[in-house]
Protein chains: 2
Amino acid sequence: MPDDAQSAQLLKAQDRFIDAWGRMGSVWGISRTMAEVHALLFVTGEAMCMDELMDRLRISRGNASMSLRALLEWGVVSKTHKDGERRDFYTAEQDVWAMFRAILRERVKREVEPLLESLGEVRELNPSGGKNAPESARELDQRLEEVQEVFGLVASLGERFTGANGQGLKVAAKLLAKAPGGTRRKAKA
Amino acid sequence: MPDDAQSAQLLKAQDRFIDAWGRMGSVWGISRTMAEVHALLFVTGEAMCMDELMDRLRISRGNASMSLRALLEWGVVSKTHKDGERRDFYTAEQDVWAMFRAILRERVKREVEPLLESLGEVRELNPSGGKNAPESARELDQRLEEVQEVFGLVASLGERFTGANGQGLKVAAKLLAKAPGGTRRKAKA
DNA sequence: GCCAGATTTCAAGTTTTTCTGAAATCGGCG
DNA sequence: CGCCGATTTCAGAAAAACTTGAAATCTGGC
């Protein structure tokens, strides 16, 4: 195969990944473009400047800037510098487990923590403690407590997995995924 | 406290929960109304008909109908009947762990499985196997494989937790959340 | 301190998602 | 059957989310 055809093929495969990751992005509650920028940086493994991103993804400068900022906040992309270059360059975290941990951490922060906070407030608002508190209030409180328990556990799990030596996640996941039977699926990795 | 004030207070607390759950719903990628309908059924624990839902949440009949259908598909709400009544009534799953499993199952289905499928397609498209396949193609394939591995593991985990004796989740979560050290954090629950 | 290139901000425009309401369909009962 | 209340559907309206582009701001080198 001639070199040109090979590299065209490569770009095409990259684009397909970018597209797939971008579509998942919108399912995951982040903007599609943000996911695409991440996908491009990840899949090529190269450091790129804003203009390269804009060209390849056909997005505006403003959009690129905002997406990059968000990715930096998520911790899955970092700024780098090239010797004599004035512009900023960006690279994606290449370790997939580290990337996954960063995503998990951010999602727990957005999708679980606010709920736990609200649950606390609602329970406070609902005066189930009074000696003659009505049955209904006690029932409500109990329901809320159960929800709090489950989501609190999810948050702790997330913390354990994403914290310090998150390496643990990899091990735990592998163990849990195959070890003690339960479903029909045969071990996969 | 007079009965009226008590029940007003209860309704207020319920509304706050409904609001909180609804807001999370939109973060979780489902429509806010759908989450609110679920929240109302869950938090009251009562069987309700469509008109009650519409009144309490101030939504249209069409919206109520569509939200209920989606909740039935998710498996967190079910249809019930009242003796001589002609209309349908709906109740929410009351076991919080069962509810959580249903949510998890559906989210893995939407947020992980399509990605795995795409990854397979992209790897096929990228001909990294050829004897003189360029370095770049092999690199791409390796990246894709790693992503596949991680998300594949997540999917198996999800399956184990939501499948058959999903009761396991509760236990596993509790164990993992506190048991074997690794991070600096002292056990929390 | 000032210039030039680079980045950020944000009001206005665009696209996507969600909601409404009324017409069509359903389904049990006499 | 044919009726009637209940539910579903879906085209259009409304709301929410995302993107653009140009002006404002920043930054490093001289």
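For clarity, every value in this text was computed on a predicted model and none was experimentally measured. Naming: A, B, ... by sequence-line order, numbering from 1 per chain. Just the heavy atoms: all of them, side chains too, but no hydrogens, waters or symmetry mates, feed the values below.
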Atom CG of A:D88 and atom C1' of D:dG28: how far apart are they, to the nearest Å?
12 Å
Measure from CE on A:M66 to P on D:dT25 and round the result to the nearest Å.
18 Å
The side chain of A:S60 lies closest to which of these nucleotides: D:dT7, C:dT8, D:dG21?
D:dG21
Lys/Arg N to Asp/Glu carboxylate O, A:E111 vs B:R107, below 4.0 Å:
yes
Between C1' on D:dT8 and CZ on B:R87, what's the gap in Å once rounded to a whole number?
18 Å
With heavy atoms under 4.0 Å as the rule, sort A:S26 into base, sugar-phosphate or nothing.
nothing
Within the modelled atom types, does a donor on one side and an acceptor on the other bring the side chain of B:R86 and the base of D:dC4 under 3.5 Å apart?
yes
B:S31 side-chain N/O to C:dT17 phosphate OP1/OP2 under 4.0 Å:
no
Using atom CG of B:L72 as one end and atom P of D:dT8 as the other, report the distance to the nearest whole Å.
8 Å
Could you check how far CZ of A:R32 sits from P of C:dT15, rounded to whole Å?
15 Å
With sequence neighbours left out, the residues meeting side-chain hydrogen bond (donor to acceptor under 3.5 Å, both in side chains) with B:R86 are none
Please state how far atom CZ in A:R58 lies from atom C1' in D:dT20, giving the value in whole angstrom units.
15 Å
Within the 4.5 Å heavy-atom criterion, are A:R61 and A:D51 side-chain neighbours or not?
yes
B:N63 CG - D:dT8 C1' separation (whole Å)
13 Å
C:dT9 OP1/OP2 closer than 4.0 Å to side-chain N/O of A:R69:
yes
In whole angstroms, how far is the P atom of D:dG29 from the CD atom of A:E85?
12 Å
Do any side-chain nitrogens or oxygens of B:S65 fall under 4.0 Å of OP1 or OP2 in D:dT9?
no
Establish, from distance only, whether the side-chain atoms of B:Q14 and A:R143 form a donor-acceptor pair under 3.5 Å.
no
Within this structure, what is the CZ-CG distance for the pair A:R123 and A:L144, rounded to the nearest 0.5 Å?
7.0 Å
